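Just below is one structure, and these are the notes that go with it.
Keep in mind that the numbers below use all heavy atoms, side chains included, and drop hydrogens, waters and symmetry copies. Chain letters run A, B, ... following the sequence lines, proteins first and then strands; every chain starts at 1. What you see is a predicted model; the values in this text were computed from it and never measured.
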There are 2 protein chains.
Amino acid sequence: MPTSPRAPLSRERILSAALSVADRDGLPALSMRRLGAALGVEAMSLYGHVRDKGDLLDGLVDHVVGMWADPLPDESDWRVVARTTMARAHEVLLARPWACELVAARPTVGRNRLRYAEALQRRMLDAGFSPQLAHHGLHLVDGTIMGFTLQELRRPTLQQLGEEVAAVARGERADEFPAITAVLADSAHDHAAEFALMTELILDGLERLHARETAERRTTDAPS
Amino acid sequence: MPTSPRAPLSRERILSAALSVADRDGLPALSMRRLGAALGVEAMSLYGHVRDKGDLLDGLVDHVVGMWADPLPDESDWRVVARTTMARAHEVLLARPWACELVAARPTVGRNRLRYAEALQRRMLDAGFSPQLAHHGLHLVDGTIMGFTLQELRRPTLQQLGEEVAAVARGERADEFPAITAVLADSAHDHAAEFALMTELILDGLERLHARETAERRTTDAPS
DNA sequence: ACCTGAACACCGTTCAAGT
DNA sequence: ACCTGAACACCGTTCAAGT
């Protein structure tokens, strides 16, 4: 779907076309040839504005990161920034499974990711975090976003692909997998609630580490 | 490298050949044609023992899961089981980046994964976890493994691929990214320590949720 | 300058044919 | 039964050629 069929073809136009191809038909469908066709152009013309297919995918990743990080929350509390970023990232990635897979396969660090990392670590340092803990904190938040979103995207395919696994999910293997069967029978699958719980667990943990750190600093500072 | 050049070609033999191709040359090199060549056979012969390339990849994923889950820890404490599983999974996946990517892209639930899920949730239920919390617990542990391993695999490519990002990593953009620069300058990159810290944070959090749950159950049970 | 056509070295998969 | 050869419809990328 070329917005204007003979616009001069820029990196911007290519990236946004790639985004809509991936959204509509998935990552495997995003070939240089099909992308060219979507822009009304031969595949080879793309190489004038994009070094590689890899370069294109990197651009795509940072574009998606921008979708949750771009209007950075105007807040000085690191907890608020972390919480809202996690929620937004989770939402954006859940809606675009291909993006989650892409970030896992090709973990590009682009401008949008830098800006978000700067913002979060700034708040942590301002709150009195040591550089080391701010470092851990960013990784904790990032890892949780990816790990948990993958966790949720994994769910639907459980019944779809599993041959004997489907039987387990239907509760027909209580003999061999009693615990799994019991858990599936007696618990809800509230994804959003689980992610929120995980978020608070992480934030609590970080806060506790921060408190312990300042306590230790006080005891070592006092005698001097 | 066919172990015996004219053995009758089984699913087992195909899977282990695929594993060594992926280990040696990476995931993109694992094509049906090259895998056939590694077994001294035409690509098309593989389809007698494997439905699909997808089927082959699914088998590969569960094989890797078995590498950390297979001798299940003979322990009744859920904390020990969770801790050792996380450590082993992290180690196995760090050594095989392609496996981490594969699990992210195609989250197969195979027999090995079922056995591990059963074992961990069994311990949690036995410790008094509600089914709901045991459910969350498994997802927490799994999400942490994936999220954090991806986090670490992401690190080396930061300097390798980033154009301007490399400058930030070298500390040459302190004006625009002061917090990132300060954190990178004043903190170590001890991956193993960070993963251990993350593990304890998760286990502490789960234990706290468990304690809260039992406290609530006691207060609601008492009046009856 | 920007785009193209043809070509190269690959893919996964099907299917009729061989042994 | 098990494996193969040829074929189909694709890939990413190069490069000389067109406008």
Problem - Short side-chain N/O contact from Tyr47(A) to OP1 or OP2 of dT13(D), under 4.0 Å - result: yes
Fill in the blank from the handout: Using Watson-Crick geometry (N1-N3 plus N6-O4 or O6-N4) or G-U wobble (N1-O2, O6-N3), each under 3.5 Å, dT4(C) is paired with dA16(D)
Exercise for the section: Examine dC2(C): is either OP1 or OP2 under 4.0 Å from a nitrogen or oxygen in the side chain of Ser45(A)? Give yes or no. Expected result: no
Practice task
Could you check whether Met32(B) gets within reach of a base, just the sugar-phosphate, or nothing at all, counting any heavy atom under 4.0 Å?
Solution key: sugar-phosphate
Handout entry: Value in whole Å for how far the P atom of dC10(C) lies from CG of Asp25(B)
Key = 13 Å
Practice task
Compute the centroid of each ring, for Trp68(B) and then for Tyr116(B), and state whether the two points are separated by less than 6.0 Å.
Solution key: no
Problem - Residues Arg88(A), Asp70(A): salt bridge by 4.0 Å N-O rule - result: no
Handout entry: Exercise: identify the closest heavy-atom pair between Ala43(A) and Met32(A)
Key = CB-O, 3.6 Å
Exercise for the section: Measure from CG on Leu35(B) to C1' on dC10(C) and round the result to the nearest Å. Expected result: 16 Å
Handout entry: Leu27(A) CG - dC11(D) P separation (whole Å)
Key = 13 Å
Fill in the blank from the handout: Interatomic distance, CG@Asp58(A) vs NE2@His63(A), rounded to 0.5 Å, equals 14.5 Å
Practice task
Nearest whole angstrom, please: distance from the P of dA1(D) to the NE2 of His49(B).
Solution key: 13 Å
Problem - Nearest atoms (heavy-atom pairs only) where Arg122(A) meets Ala179(B) - result: N-CB, 3.5 Å
Practice task
Using whole Å, report how far CG of Leu46(A) lies from C1' of dC2(C).
Solution key: 13 Å
Completion exercise
Met44(B) CE to dA7(D) C1', in whole Å, measures 10 Å
Practice task
Starting at atom CG of Asp52(B), determine the distance to atom P of dC11(C), rounded to an integer number of angstrom.
Solution key: 17 Å
Handout entry: Nearest-Å distance once atom C1' is located in both dA17(D) and dA1(C)
Key = 15 Å
Exercise for the section: Hunt down the Watson-Crick or G-U wobble partner of dC10(D), both distances under 3.5 Å, from any strand shown, or write none. Expected result: none
Problem - Distance in angstrom units between Arg33(A) CZ and dC11(D) P, rounded - result: 7 Å
